[in-house]
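Throughout, numbering of the chain's residues begins at 1 and tracks the sequence. Quick note: numbers below take in every heavy atom, side chains included, and nothing from hydrogens, waters or symmetry partners.
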Amino acid sequence: MYVWYNNNVVEQVSKKSISRMIKRGRKSSVTVRYALPRVYFVLGAVICGLVATFLMMNVIRQNPKTAEFWTAHIERGYEHVVGVLTSWIPVSVFELFFCIMIGSGIFLLVRLVVNLCRANFTRILLGALSLGTAAMYILNMYMLSMGFGYFRADMPIAQAGADYEAERVATVARYFLDDYNNLSRTLKRDGNGEVVLPYSYRELSKIMQQEYARLGGDYFFSYTPKGKPIINSYVLSALSITGITFLPVGESTINIAAPKTYGTFTLAHELAHAKGVQREGDANLIAQYILVSSDNDYLRYCGYFASMNNLLAAVELAGDGDEYRRLVADIDALVRVEKRYDYEYWTAQPDIVGEISEFFNNLYLMFNGADNGTGSYDDGEQMEVIPPPVNPDTGEVLPDPDTGEPQKPKPVYSALQKMYFAVYESKFGA
């Protein structure tokens, strides 16, 4: 500590010296000021360094070439090493980490109240600096392990049928709907009308790893982690969350309290994140491809359950509204029962909690480059009809320059629909 006399520093002395000076009657001329310990300045410097690193990575990741290089090399290697290490732990490391964070938060809140009551502001400052350091460290690890993937190149996936006519689209839709209905009638169901998950989560995870091994090319990571169940899944249900991938610990996790059919699709979606596919619409699309193109009956059913409506909509988009309505009417009644159960489960969750979760997820996705926030989950399902060109003077549809016939509206199929077309062609040819 330092001794101040008439507002000037005299010398640095010990507490015992100060005590003796005060006892000798020099109270009026001596003021004691305690300097902040070095740890405060060290933590402050660490936070500043971590903030600067985080902001720098946030800027450079928005360059597609940088994002691609980082994802394909640094994130790929990091996830492989950490994923292998955490796979040896039978429970979710992410859940353990989350529980520790909750416990630490409660402890810090109690300490804050105690220190406020004691007016111990230096300890409050120390706690704030420690918390800030931990938070910025986690954010930097997140950015390093998965943040760059949101800005990488477009994901390669099988696409076909850009010029499919209504009859061809209806043929494809009828084939997959018939398979959907047959599976619906043969797979075992529980008392809620939901198809029974025929595997343990460990078995399902291994099957998913084998399915993802079918993906070729350098875009997708070669390593696929195990999907782990969350023990306290009721918390995720209250937050309207079906799964979480947290690559700082190399894990994809799933909500086991939620309906299982859509939960299986969620596991495929979360594993897509672990394969280097961070954008939500892309993760949905590759998950649907993995399931729909599988030889496993249960996986195909789960894929249809999550995406059949978009496929059938392609028939109406192509201009055959009557066939579209017939196809919708032919969906098996057991599927409708399961859809109703799924809907009732999620509507039974507390609205306010789900809305808060949605709000923060929307901010998170917008920060990661998705201008439409949570709407980006549906990016692979966007479709439209381009109207035919018309004469600006008469309003009449202009003829086709090759045939002379009036031009028709042009359907623009969704990426999901064209993925279905590609799977169909892989089975029966173009």
Side-chain angles (χ1 to χ4, degrees), residues 51 53-72 74-75 135-136 138-157 159 162 219-221 239-248 252 265-266 268-289 306-307 309-310 313-314 317 346 351-387 410-419:
V51 169
T53 303
F54 179 82
L55 294 177
M56 180 188 66
M57 286 195 290
N58 185 48
V59 171
I60 65 174
R61 71 175 178 150
Q62 297 179 41
N63 181 297
K65 291 183 178 179
T66 304
E68 187 64 32
F69 176 85
W70 189 289
T71 304
I74 298 175
E75 290 185 4
M136 288 310 306
I138 294 169
L139 287 174
N140 274 275
M141 293 305 297
Y142 154 80
M143 188 69 79
L144 181 149
S145 62
M146 60 190 299
F148 282 72
Y150 286 95
F151 294 89
R152 68 186 306 203
D154 292 338
M155 178 187 69
I157 188 169
Q159 299 277 273
Y219 188 91
F220 306 102
F221 296 173
L239 293 170
S240 297
I241 295 174
T242 52
I244 297 174
T245 294
F246 192 60
L247 293 187
S252 293
F265 164 72
T266 297
H269 170 101
E270 297 303 330
L271 289 176
H273 287 321
K275 299 289 286 185
V277 181
Q278 298 306 329
R279 291 186 291 269
E280 299 297 345
D282 287 353
N284 271 351
L285 189 58
I286 198 66
Q288 287 153 345
Y289 171 76
S307 60
N309 288 345
N310 191 260
L317 186 72
W346 290 111
D351 290 339
I352 184 64
V353 179
E355 289 172 1
I356 293 173
S357 174
E358 174 86 2
F359 174 78
F360 284 105
N361 192 28
N362 188 65
L363 290 180
Y364 165 78
L365 293 175
M366 293 181 70
F367 171 75
N368 283 300
D371 293 335
N372 54 345
T374 53
S376 62
Y377 285 92
D378 301 326
D379 281 351
E381 301 181 19
Q382 302 305 313
M383 51 188 174
E384 63 175 327
V385 174
I386 300 177
K410 180 179 177 58
V412 179
Y413 300 110
S414 70
L416 175 58
Q417 292 162 352
K418 289 187 287 186
M419 179 274 290

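The stretch residues 373-384 participates, sequence neighbours left out, in no salt bridge (Lys or Arg N to Asp or Glu O under 4.0 Å) pair at all.
Taking the salt bridge (Lys or Arg N to Asp or Glu O under 4.0 Å) definition, one finds that Glu68 meets it with Arg152, sequence neighbours left out. For the side-chain contact (heavy atoms from CB on, under 4.5 Å) test, no residue two or more places apart in sequence or in another chain qualifies with Pro64. In this view, Ser414 and Asn310, Met383, Leu416, Gln417 satisfy the side-chain contact (heavy atoms from CB on, under 4.5 Å) rule, not counting sequence neighbours. Remark: Phe246 pairs with Phe94, Phe97 by the ring-ring contact (aromatic ring centres under 6.0 Å, His included) rule, at least two apart or across chains.
Considering only heavy atoms from C-beta on, Tyr413 stays 4.5 Å or farther from Met419 through its side chain. Proximity of Asn58 to Met143: side-chain heavy atoms (C-beta onward) are separated by under 4.5 Å at one or more points.
Between Gly243 and Thr266 the shortest heavy-atom distance is N-CG2, 3.7 Å.
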Side-chain donor-acceptor distances from residues 352-361 under 3.5 Å, at least two apart:
{"unit_1": "Ser357", "atom_1": "OG", "unit_2": "Leu239", "atom_2": "O", "d": "2.9"}
{"unit_1": "Glu358", "atom_1": "OE2", "unit_2": "Thr374", "atom_2": "OG1", "d": "2.9"}
{"unit_1": "Asn361", "atom_1": "ND2", "unit_2": "Tyr377", "atom_2": "OH", "d": "3.3"}

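Of the possible donor and acceptor atoms, one in the side chain of Asn368 sits under 3.5 Å from a partner among the backbone N and O of Tyr364.
Residue Tyr289 places its OH atom among 12 or fewer non-hydrogen atoms of other residues, nucleotides or ligands, all under 6.0 Å distant.
Ring orientation note: the planes of Phe367 and Phe54 are close to parallel, at an angle under 30° on the 30°/60° scale.
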